[in-house]
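Computation of the quantities below employed the complete heavy-atom set of this structure, encompassing side-chain atoms and omitting hydrogens, waters and symmetry-equivalent molecules. In what follows, every chain begins at residue 1, and chains take the letters A, B, ... in the order their sequences are listed.
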Protein chains: 2
Amino acid sequence: MTRKVKIPVSTVGRLSIYLRVFSQVAKTQGTISSKGLAEWTGINSAQVRKDLAYFGQFGRRGVGYSIQDLKAQITSILGLDREWNAAIIGVGHLGTALLMYRGFGSRRFKVTAALDTDPDKISWELEGIRIHDLADLAAVAREKRIEIAILSVPAEAAQEVANQVVAAQIPAILNFVPVRLVVPKHVLLRDVDLAGELEALTYAMRKR
Amino acid sequence: MTRKVKIPVSTVGRLSIYLRVFSQVAKTQGTISSKGLAEWTGINSAQVRKDLAYFGQFGRRGVGYSIQDLKAQITSILGLDREWNAAIIGVGHLGTALLMYRGFGSRRFKVTAALDTDPDKISWELEGIRIHDLADLAAVAREKRIEIAILSVPAEAAQEVANQVVAAQIPAILNFVPVRLVVPKHVLLRDVDLAGELEALTYAMRKR
DNA sequence: TTATACATGTGTAAAATTTCACAAAGGGGG
DNA sequence: CCCCCTTTGTGAAATTTTACACATGTATAA
């Protein structure tokens with residue numbers, strides 16, 4: 001089988017990048033080479049081939065990769081051949097921001113619930129999504145079949161909320177809170193640090 | 001000198017993480033060990049020491065690092081000892097979202113301008129920030145001393161807008177558009193791919 | 001003063017990731 | 001059918017990143 005060796009996380013990240021290229025070139029050609037993908041992405045062409053080879057032999061020597069096929073393959077590898085329900089937990093500035101951001105939905109992600117603890121927010125609706133009481137998380141998660149919790153709560157509350165997410169049997173967390181969360185290892189956790197991204201820029205700018 | 005060897009990007013990313021820990025522990029202790037930082041962050045303690053050692057000898061053997069000192073050091077290393085003016089370019093869903101998100105401002109980043117090409121948006125104000133015509137980018141950038149452009153425009157327009165940013169002499173771009181931008185190498189570019197983050201999660205969930 | 005426990009800074013080893021480089025194939029033209 | 005150009009898939013090398021391990025320094029207590 002193909003999935004004997006462990007696949008680097010970085011490879012998975014690049015799959016997303018390759019997928020994106022297709023929406024930009026698909027119209028003009030039916031096929032693309034690793035060199036072509038390399039040019040579009042800035043990733044070394046050997047790297048491209050190696051990334052794809054982890055999952056199978058999708059290319060044809062002398063020809064390249066069928067865009068249609070490869071698109072379908074990567075879509076399937078990334079689990080994007082179906083929809084995923086997500087809930088936003090914490091409807092403060094960032095949470096509201098993420099709720100408004102339709103980019104999540106644009107691919108296969110649907111934000112179908114929002115939760116907060118603030119009585120002034122609960123029962124309100126934002127962008128057509130009702131805000132539930134966080135206390136009802138387990139019920140909401142079950143009912144709406146939530147599989148991804150998008151966390152944007154205050155730092156002090158983050159771990160406690162994460163515990164509730166785990167208790168509600170939601171299997172994955174996308175954490176926007178700049179705090180290290182401890183979760184059982186069967187729960188998938190991914191951190192996004194927006195301030196950190198800016199800091200990487202100022203670090204580089206400072207040296208001038 | 002301390003800056004002879006090249007510092008890994010990953011090290012810089014971890015500095016942000018260390019810095020964050022201090023706001024959570026500072027009150028209780030005056031000092032922290034690499035082991036302590038390791039426990040807070042999940043990063044190996046030798047890694048912590050190596051990261052810090054790139055920039056100088058901040059610790060004391062048998063004692064650890066003075067939190068106050070280390071905080072000041074990292075703050076300075078990351079260039080966070082002053083404020084940075086940022087502009088949000090593209091006030092669609094994500095742009096609005098980012099504009100509302102005060103987390104950027106919470107540290108040393110100030111979003112002081114917003115720009116768009118849509119006549120219906122230009123001259124409006126959002127969160128107290130006036131939306132300018134993108135055509136005026138160079139003037140706005142000069143006047144407001146913009147040093148970071150936060151890009152959230154449609155994919156088709158991204159490269160062209162990036163060119164304008166470069167022409168406006170803005171030295172750094174934080175790009176939220178899932179497109180590879182080509183910029184001169186004196187311009188700092190950092191990509192944030194929100195959909196990609198979710199895709200990393202679904203990839204892992206799919207395998208069950 | 002000496003023993004003990006702690007913790008840094010760093011040389012070295014290990015692991016992971018990226019890049020090179022080439023044999024093996026595919027395709028097209030004559 | 002043969003030649004030539006292209007491009008994959010993949011060992012092996014190179015590079016980068018992480019982890020180990022320990023000599024060296026610090027503090028405390030008896």
Side-chain angles (χ1 to χ4, degrees), chain A residues 1-18 21 25 29-71 73-74 77 180 196 200 203, chain B residues 1-18 21-22 25 29-71 73-74 77 180 200 203:
Chain A
M1 257 302 279
T2 40
R3 198 135 340 101
K4 268 280 155 329
V5 287
K6 204 188 72 212
I7 286 137
V9 232
S10 41
T11 287
V12 179
R14 284 189 297 265
L15 291 185
S16 291
I17 297 175
Y18 304 146
V21 171
V25 288
Q29 357 162 198
T31 207
I32 193 166
S33 67
S34 60
K35 186 152 163 279
L37 270 169
E39 277 156 13
W40 275 93
T41 60
I43 295 164
N44 179 293
S45 69
Q47 182 76 79
V48 172
R49 294 197 295 280
K50 198 142 260 187
D51 284 340
L52 299 176
Y54 277 121
F55 302 96
Q57 309 201 152
F58 303 141
R60 287 180 62 188
R61 299 178 184 215
V63 180
Y65 302 88
S66 151
I67 290 183
Q68 203 188 325
D69 277 13
L70 194 51
K71 189 174 178 179
Q73 289 285 359
I74 296 180
I77 291 167
R180 174 177 172 72
Y203 163 75
Chain B
M1 255 296 280
T2 39
R3 201 144 327 109
K4 267 279 152 335
V5 287
K6 205 188 71 211
I7 285 136
V9 231
S10 42
T11 287
V12 179
R14 284 189 296 264
L15 291 185
S16 290
I17 296 176
Y18 304 145
V21 171
F22 301 142
V25 289
Q29 358 164 196
T31 207
I32 192 166
S33 66
S34 59
K35 187 153 163 280
L37 271 169
E39 276 156 14
W40 275 93
T41 60
I43 295 163
N44 180 292
S45 70
Q47 181 75 77
V48 172
R49 294 197 295 280
K50 200 142 256 187
D51 283 341
L52 299 176
Y54 277 120
F55 302 96
Q57 309 200 152
F58 304 139
R60 285 181 64 186
R61 302 180 183 215
V63 181
Y65 302 89
S66 150
I67 291 183
Q68 203 187 328
D69 278 12
L70 195 51
K71 189 174 177 178
Q73 289 285 359
I74 297 180
I77 291 167
R180 174 178 172 72
Y203 163 75

* **Interatomic distance, A/Tyr54 OH vs C/dA16 P [rounded to whole Å]** => 11 Å
* Donor on one side chain, acceptor on other, B/Ser34 and B/Arg49, under 3.5 Å -> yes
* Structure fact -> From CD1 of A/Ile17 across to C1' of C/dT18 the rounded distance in Å is 15 Å
* Between CD1 of B/Ile17 and OG1 of B/Thr41, what distance do you get to the nearest 0.5 Å? -> 7.0 Å
* Determine whether any donor atom in the side chain of B/Lys50 lies under 3.5 Å from an acceptor atom in the base of C/dT12, or the reverse, and answer yes or no. => yes
* Please confirm whether the backbone N or O of A/Tyr65 pairs with a side-chain atom of A/Thr31, one donor and one acceptor, at under 3.5 Å? => yes
* Test B/Phe22 against B/Leu37 for side chain to side chain contact (heavy atoms under 4.5 Å, CB included), laying out the working first. => CA-CA 9 Å; B/Phe22 301 142; B/Leu37 271 169; 4.3 Å; yes
* Is A/Ser34 touching bases, backbone alone, or none of the nucleic acid, heavy atoms closer than 4.0 Å? -> sugar-phosphate
* Asked: To the nearest angstrom, how far is B/Lys35 atom NZ from C/dC6 atom P?
  -> 8 Å
* Figure out the CG/P separation between B/Asn44 and C/dG9, and round it to whole Å. => 15 Å
* **For A/Asn44 against A/Ala46, the heavy-atom pair lying closest together** => OD1-N, 2.6 Å
* To do: For A/Phe58 and for A/Gly62, locate the closest nucleotide of DNA chain D by heavy-atom distance; then report the residue assigned to the nucleotide nearer the 5' terminus.
  => A/Gly62
* Taking atom P of C/dG9 as reference, at what distance in whole Å does atom CZ of B/Arg49 sit? -> 9 Å
* Please check the phosphate of C/dT10 (OP1 and OP2 only) for any side-chain N or O of B/Gln57 closer than 4.0 Å. => yes
* **Separation of C/dA7 C1' from B/Gln47 CD (nearest whole Å)** => 17 Å
* Can you tell me how far C1' of C/dT8 sits from CG of B/Asp69, to the nearest Å? -> 15 Å
* Asked: Counting any heavy atom closer than 4.0 Å, what does B/Ser10 reach on the DNA or RNA strands: base, sugar-phosphate only, or nothing?
  -> sugar-phosphate
* Would you grab the first and last nucleotide of DNA chain D (5' to 3') that comes under 4.0 Å of any non-hydrogen atom in chain A? => D/dT6 to D/dA12
* Asked: Taking all atoms of both residues into account, what is the closest heavy-atom pair of B/Tyr203 and A/Ile77, and its distance?
  -> CD1-O, 3.3 Å
* **Shortest non-hydrogen contact between B/Tyr18 and B/Val48, atoms and distance** => OH-CA, 3.4 Å
